[in-house]
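As the structure lists them, so they are numbered: ligands from 1, and atoms in each ligand from 1. For the single chain, residues carry numbers from 1 onward in sequence order.
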Amino acid sequence: MPFPINRMRRTRQTAQLRSMVAETRLDPGQMIYPIFVCPEENVRREIPSMPGQFNLSVDEAVRVAQRVEKAGVGGLMVFGIPETKDAVGSGAYAGDGIVQRAFRAIREAVSDLVLIGDVCLCEYTDHGHCGVIQDGEISNDASLELLARTALSQVEAGADMVAPSDMMDGRVRAIRGKLDEAHHDEVPIMSYAAKYASAFYGPFRDAAGSTPQFGDRRTHQMDPGNVREAMREIELDIEEGADIVMVKPAMPYLDVIRAATDRFPAPMAAYQVSGEYAMIEAASRNGWLDRDRTVMESLTAIRRAGADIIITYYALELAEANAF
Ligand code: PBG
C-alpha cells in the first residue's frame, strides 16, 4: 500500500477544484458600506487617515448611494458630520439634521438599497461623548430618550434600519418602544451589541470629528479582554428587541464573533472598522502587503468566524470590481 492514502493536496490542484471545496464565500448582498455625510455641496473630501474614503456632501452621497445599489451591495450606513455641535447633540435628532437630509435625498434616488442610520450622539455633541453629560458623567438614562428620538427621526427621513452604536444600557428597548409607538414596528434594529473600547476607531474619529474632549469611552464600551461579558451584552440586546447583533471591531475579535454565533441564532454582523482599513491601506502603500489579497483574506476570515453581515469600507470597491 503506497503512503499516504489521504492526500489533502488533491482538491487544491486547480482553481475549479479549490472553488468546489470552498467553505466560505463573500457576497456583496451581505455587505454594508459606511459613508460620512457633511454640509455644503459638491464636497468630496478624502479622509487623510482613510485614503479612498471621503466626507461627502448630500448631493455627492446620493451619487455614491446609486453606485452602491447598482453594484449590488446590500446596505448603506450613514454617519453625519453636522454644521454645529452642542451639549445635547441636537443635530442628531433635528428634523433637518445632516443625516435626515441625506436620507431624504438618498431615499428618492435609490429603490431597494437598505438604508441604515448609525444612532449615536458623539458626532453631534461638543464634548464628543455618546450621551449627555450630567455632573461630569455620561448620564445613561438621560441619553436614552435622545437616542430614541434620533432613531425615530432617521426612520421618518427614510432609513430602513437603525443601528445604535452608543452602548448605553437599555437603548435597544428605548428605541424599539419609540419606533413602535410611532407605528414603525416593521423597522429592524441592528445593535452594536458587543462594541469594544478600541484604539482601532482612531481614523473614524478624524473622519467624523468625534474624539471625546475629556476622558474616554471606557465607561460604556467594553474592555478588550472580555468575552463572557460580550455574551451578556448580546443576550440583553436580543431580549430588548435587537433583530441583528454586531461585534466590533472585527479582525481583532474573531473569537468573540465565533463564540456569539455558536451561542445565538440571531443574524450576526461584524464591523471591519476604520483602523483595520487604515492598517491595510498604509502597509499596502508602503509595498509591505499585497493589498487585494489582504483585503479578501481579512473579509473571508471575518465571515469564516461566523459573521453573516460585514460592514466594511471595501464593500463598494469590491462589488464594483466584481471581486467575488
Ligand atoms: C459612534 C461610532 C464609532 C464607530 C462607529 N460608530 C466611533 C466610536 O465609538 O468611537 C467606529 C467606526 C470605525 O472606526 O470605522 N459611536
Side-chain angles (χ1 to χ4, degrees), residues 31-37 47-55 75-82 85 89 91-93 98-99 116-125 127-132 138 140 143 146-147 150-151 154 159 161-168 171-172 175 189-224 233 244-253 269-282 295 298-299 302 309-316:
M31 291 190 180
I32 294 170
Y33 184 59
I35 59 168
F36 303 94
V37 182
I47 301 160
S49 51
M50 299 177 73
Q53 306 303 316
F54 301 83
N55 286 168
L76 182 75
M77 171 103 91
V78 181
F79 293 95
I81 305 161
K85 305 183 186 227
Y93 40 89
I98 185 73
V99 159
I116 306 162
D118 178 89
V119 176
C120 193
L121 301 183
C122 69
E123 297 122 75
Y124 306 90
T125 50
H127 45 72
H129 281 292
C130 309
V132 286
I138 302 169
N140 190 88
S143 304
L146 301 183
L147 292 163
T150 302
Q154 292 179 351
M161 190 189 290
V162 288
S165 67
D166 53 284
M167 288 295 278
M168 296 299 122
R171 80 277 168 76
V172 174
I175 291 169
I189 298 175
M190 174 165 71
S191 96
Y192 289 68
K195 176 172 175 180
Y196 287 87
S198 173
F200 288 94
Y201 308 146
F204 174 95
R205 292 183 190 170
D206 283 349
S210 62
T211 308
Q213 297 305 301
F214 63 91
D216 55 38
R217 302 218 204 290
R218 283 181 237 200
T219 64
H220 48 290
Q221 298 179 350
M222 285 186 51
D223 186 323
E233 283 282 6
I244 300 172
V245 285
M246 191 198 300
V247 171
K248 174 185 172 191
M251 209 154 76
Y253 296 89
Y271 198 142
Q272 183 181 51
V273 300
S274 57
E276 297 177 68
Y277 177 87
M279 285 197 302
I280 295 174
E281 292 306 307
V295 170
S298 68
L299 295 169
I302 294 165
I309 300 164
I310 305 178
I311 301 155
T312 171
Y313 300 100
Y314 290 113
L316 178 58

Q) Got the closest protein heavy atom to atom 14 (O) of ligand 1, with its distance? A)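 Protein heavy atom at minimum distance: Ser274 OG, 2.7 Å.
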Q) Of the protein's non-hydrogen atoms, which lies at the shortest distance from atom 12 (C) of ligand 1, and what is that distance? A)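 Nearest neighbour among protein heavy atoms for atom 12 (C) of ligand 1, to 0.1 Å: Phe204 CD1, 3.3 Å.
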Q. Is the NZ or CZ atom of Lys248 positioned over Tyr201's six-membered ring, under 6.0 angstrom from the centre and within 45° of the axis?
A.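 The answer is yes; both the distance and angle limits are met.
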Q. What closest approach, in Å, do Tyr277 and Pro51 show between heavy atoms, and which atom pair accounts for it?
A.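 Smallest interatomic distance, heavy atoms only, reads OH-O, 2.5 Å.
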Q) For Met167 and Arg171, which heavy atoms make the closest approach, and how far apart are they? A)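 Answer, listing the atom of Met167 first, then Arg171: N-NH1, 3.0 Å.
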Under 4.0 Å from a heavy atom of [X]: which atoms of ligand 1 are those, numbered in the order shown and with their elements?
X      : result
Ser165 : 1 (C), 2 (C), 6 (N), 16 (N)
Tyr271 : 12 (C), 15 (O)
Arg217 : 8 (C), 9 (O), 10 (O)
Arg205 : 8 (C), 10 (O)
Phe79  : 5 (C), 6 (N)
Lys248 : 2 (C), 3 (C), 4 (C), 5 (C), 6 (N), 11 (C), 12 (C)

Q) Aromatic rings Tyr313 and Phe36: how do their planes relate, parallel, tilted or perpendicular, breaks at 30° and 60°? A)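 Ring orientation of Tyr313 relative to Phe36: parallel.
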(Q) Can you classify the ring geometry of Phe204 versus Phe79 as parallel (below 30°), tilted (30 to 60°) or perpendicular (above 60°)? (A)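 Geometry flag for Phe79 against Phe204: perpendicular rings.
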Q. How does Cys120 reach ligand 1, by side chain, by backbone, by both or by neither, if only non-hydrogen atoms under 4.0 Å count?
A.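 The answer is the side chain.
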Q. Applying a 4.0 Å heavy-atom criterion (strictly less than), which segment of Cys122 is in contact with ligand 1: side chain, backbone, both, or neither?
A.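 Looking at Cys122 and ligand 1, just side chain atoms fall under 4.0 Å.
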Report yes if some heavy atom in the side chain of [X] is under 4.5 Å from a heavy atom in the side chain of [Y]; otherwise report no.
X      : Y      : result
Glu123 : Ile98  : no
Arg217 : Cys130 : yes
His220 : Met168 : yes
Met161 : Ile244 : yes

Q.
For atom 16 (N) of ligand 1, tell me which residue out of Met246, Gln221, Lys195 has the closest non-hydrogen atom.
A.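 Among Met246, Gln221, Lys195, the closest heavy atom to atom 16 (N) of ligand 1 comes from Lys195.
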**Q.** Glu123 N/O to ligand 1 N/O under 3.5 Å
**A.**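 Between Glu123 and ligand 1 (N or O atoms, distance only) the closest approach is not under 3.5 Å.
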Q) In terms of side-chain heavy atoms, does Glu276 have a donor or acceptor partner in Ser298 at a distance below 3.5 Å? A)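 Checked: Glu276/Ser298 side chains show no N/O donor-acceptor pair below 3.5 Å.
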Take every heavy atom of [X], measure it against each atom of ligand 1, and state whether any distance is under 4.0 Å.
X      : value
Tyr277 : no
Asp118 : yes
Met167 : no
Gln272 : no
Glu276 : no

Q | Separation between CG of Asn140 and OG1 of Thr219, rounded to the nearest 0.5 Å | A |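 One finds 9.5 Å between CG of Asn140 and OG1 of Thr219.
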